[in-house]
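Below is one structure, written out as structure tokens; comments come after it.
For the numbers below, each heavy atom of this structure counts, side chains included, while hydrogens, waters and symmetry mates do not. The residues of the chain are indexed from 1 along the displayed sequence.
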Amino acid sequence: EDAQAAGEAADGAGGPAGAAGGEAASADEGEPAPKKAGVRRAWLAVKFVLRYALLAVVAYVMLACFHVHPIGLLVGATAPFVAAVALVVRSLTASAGRNHP
């Protein structure tokens, strides 16, 4: 059940209305639960592969067509992550510096 709830959250069917709608739809279809779990896993695998295939195509276009240097592409791709980590560290150290009663 935890895996099913996580799958529904990943599919965007969160919330009371989405969960109730998903349960009502599955009860109407009459398919056995293991088959649905297999279909959901297959769909998640397809989404995973397509997402990384799209990233590979974008990286190829940027490297081959736009002649972007690989190091520059790597730095540009990691810059938002580094900025987010710096923001978290800065906010944690700022809150640790304050004296709370």
Side-chain angles (χ1 to χ4, degrees):
E1 286 185 345
D2 291 328
Q4 181 180 2
E8 288 174 359
D11 289 339
E23 290 171 7
S26 64
D28 293 340
E29 292 173 13
E31 290 184 60
K35 184 174 181 178
K36 283 187 176 189
V39 169
R40 175 167 283 150
R41 283 189 190 124
W43 177 243
L44 288 174
V46 166
K47 287 193 320 185
F48 177 81
V49 169
L50 287 177
R51 183 176 298 137
Y52 283 100
L54 178 65
L55 285 172
V57 168
V58 169
Y60 172 76
V61 167
M62 292 186 74
L63 290 170
C65 298
F66 298 148
H67 303 290
V68 175
H69 195 277
I71 301 297
L73 185 64
L74 181 65
V75 168
T78 57
F81 175 74
V82 171
V85 168
L87 182 65
V88 168
V89 168
R90 190 171 65 184
S91 67
L92 289 175
T93 56
S95 64
R98 290 186 222 145
N99 291 329
H100 292 290

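- Residues in residues 51-79 take part in these ring-ring contact (aromatic ring centres under 6.0 Å, His included) pairs, two or more places apart or across chains: F48-Y52.
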Query - Evaluation steps, side-chain contact (heavy atoms from CB on, under 4.5 Å), between V46 and L50 - result: CA-CA 6 Å; V46 166; L50 287 177; 3.8 Å; yes

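- Nearest heavy atom pair, residue L63 against residue V68, reads CD2-O, 3.3 Å.
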Under 3.5 Å donor-acceptor pairs involving side-chain atoms of residues 76-88, not counting sequence neighbours:
| unit_1 | atom_1 | unit_2 | atom_2 | d |
| --- | --- | --- | --- | --- |
| T78 | OG1 | L74 | O | 3.0 |
| T78 | OG1 | V75 | O | 3.3 |

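- With hydrophobic clusters built from ILVMFWY side chains whose heavy atoms lie under 4.5 angstrom apart, V58 shares a cluster with V61.
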